[in-house]
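Hydrogens, waters and symmetry mates are skipped; everything else that's a heavy atom, side chains included, is used. Given the structure is predicted, the values throughout are model-derived calculations rather than measurements.
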Amino acid sequence: MAGQDQSANLGGMLTDIGKTVGSMGDAYKPVLQAATKPRGDMNDPAHLANLAQWATQHGDTAAASMYMSQAREAKSDARYQAAELKQKRAEAIDQARVGMVNKYAKAVESGQNPQKAYDELMEFSSNAGVDVQSQIGGIDQRKASRDQQQRAAQRQADEEAEKNFRTSFNVQLSGAKDPTALLANVPDAHRETAQVMIA
């Protein structure tokens with residue numbers, strides 16, 4: 001061996017030592033990867049996207065694809081849940097609106113504290129962000145129309161009663177010796193008319 005060049009053997013040995021030491025580091029790769037893996041909620045689309053990016057950085061395309069797919073599903077589920085929640089809220093508001101409008105209508109019809117029912121309806125309208133003016137207008141208009149019809153019917157009934165009283169009292173006056181004595185039997189509603197007729 002004396003006089004021979006051992007550098008080739010030495011180079012080979014050093015290469016082998018380097019491979020051995022390098023392969024020792026490979027044993028710790030899974031541990032290092034696990035330590036750097038993002039932590040979070042597996043139902044959160046943003047977290048799943050982070051996991052997909054992490055898997056891509058570590059060369060695991062299958063895991064990256066799986067995480068991206070899960071992220072898309074989670075986003076879709078979140079949108080569906082948000083839309084469903086929005087729909088339920090709208091239905092609840094509409095149901096409450098109908099109830100509050102009916103309560104106001106009953107208060108207006110009965111005449112029992114319609115101002116309180118109106119104030120409650122307006123507060124609900126403001127809080128829920130719904131417009132109830134057209135319903136209020138319709139209720140008030142129907143009530144005014146009914147009141148007008150009732151007044152007209154009452155006026156007609158009063159006029160008819162007045163006419164009948166005049167006819168009947170005229171007959172009594174024609175045969176009465178003391179017309180003022182007839183006033184004792186005249187209803188209060190027709191007393192003034194009877195006095196005018198006697199005079």
Side-chain angles (χ1 to χ4, degrees), residues 40-49 70-199:
D41 182 5
M42 292 301 286
N43 294 319
D44 179 13
H47 173 65
L48 291 166
Q70 288 177 348
R72 281 191 294 275
E73 284 177 24
K75 277 183 187 175
S76 174
D77 286 349
R79 276 196 296 270
Y80 172 76
Q81 288 171 0
E84 194 174 55
L85 187 63
K86 186 177 179 182
Q87 176 67 26
K88 284 181 181 176
R89 183 179 184 276
E91 288 171 2
I93 286 174
D94 192 53
Q95 192 173 14
R97 179 189 58 78
V98 169
M100 295 294 286
V101 167
N102 287 342
K103 182 178 178 182
Y104 174 69
K106 284 178 186 172
V108 167
E109 290 301 320
S110 68
Q112 294 179 352
N113 208 353
Q115 186 60 47
K116 181 182 178 204
Y118 175 82
D119 292 343
E120 288 174 358
L121 180 56
M122 293 312 293
E123 183 179 354
F124 164 78
S125 170
S126 175
N127 291 339
V130 294
D131 183 18
V132 292
Q133 289 303 322
S134 61
Q135 286 96 341
I136 289 173
I139 291 166
D140 291 345
Q141 190 169 356
R142 281 192 299 277
K143 173 71 168 138
S145 176
R146 261 193 296 276
D147 288 351
Q148 187 177 6
Q149 288 172 354
Q150 286 174 353
R151 283 192 299 272
Q154 186 62 51
R155 219 176 12 255
Q156 188 175 357
D158 290 346
E159 288 170 3
E160 188 68 29
E162 178 79 10
K163 181 181 170 190
N164 291 340
F165 172 76
R166 282 177 175 275
T167 304
S168 145
F169 196 66
N170 229 355
V171 170
Q172 291 175 24
L173 278 176
S174 64
K177 294 179 183 172
D178 182 13
T180 55
L182 295 174
L183 285 174
N185 297 325
V186 173
D188 289 341
H190 300 293
R191 187 168 300 280
E192 190 177 332
T193 302
Q195 288 171 340
V196 169
M197 288 176 74
I198 291 170

Salt bridge (Lys or Arg N to Asp or Glu O under 4.0 Å) involving Arg142 - partner list, sequence neighbours excluded: none
Set of residues satisfying side-chain hydrogen bond (donor to acceptor under 3.5 Å, both in side chains) with respect to Gln133, sequence neighbours excluded: none
Pairing residues for Lys143 by the side-chain hydrogen bond (donor to acceptor under 3.5 Å, both in side chains) criterion, not counting sequence neighbours: Asp147
Only distances under 3.5 Å count here; give the side-chain donor-acceptor pairs of residues 149-158 to other protein atoms, sequence neighbours excluded, each with its distance to 0.1 Å.
| residue | atom | partner | partner atom | Å |
| --- | --- | --- | --- | --- |
| Gln154 | NE2 | Asp158 | OD1 | 2.9 |

Contacts of Arg146 that satisfy side-chain hydrogen bond (donor to acceptor under 3.5 Å, both in side chains) - sequence neighbours left out: Glu109
Residues in side-chain contact (heavy atoms from CB on, under 4.5 Å) contact with Glu73, at least two apart in sequence or another chain: Ser69
Salt bridge (Lys or Arg N to Asp or Glu O under 4.0 Å) contacts in which one or both residues fall within residues 121-134, not counting sequence neighbours: none
Reported CD-to-CG distance for the pair Gln115 and Asp119, which is rounded to 0.5 angstrom: 4.5 Å
In a table with atom names and distances, give each donor-acceptor pair under 3.5 Å that connects a side chain of residues 90-106 to protein atoms at least two apart or in another chain.
| residue | atom | partner | partner atom | Å |
| --- | --- | --- | --- | --- |
| Glu91 | OE2 | Gln87 | NE2 | 2.9 |
| Asp94 | OD1 | Arg97 | NE | 3.1 |
| Asp94 | OD1 | Arg97 | NH2 | 2.6 |
| Asn102 | ND2 | Val98 | O | 3.3 |
| Lys103 | NZ | Glu120 | OE1 | 2.6 |
| Tyr104 | OH | Asp140 | OD1 | 2.7 |
| Tyr104 | OH | Asp140 | OD2 | 3.4 |

Set of residues satisfying side-chain contact (heavy atoms from CB on, under 4.5 Å) with respect to Ala107, sequence neighbours excluded: Pro114, Ala117
Set of side-chain hydrogen bond (donor to acceptor under 3.5 Å, both in side chains) partners for Asn127, sequence neighbours left out: none
Close side-chain approach of Val130 and Phe124, heavy atoms under 4.5 Å: yes
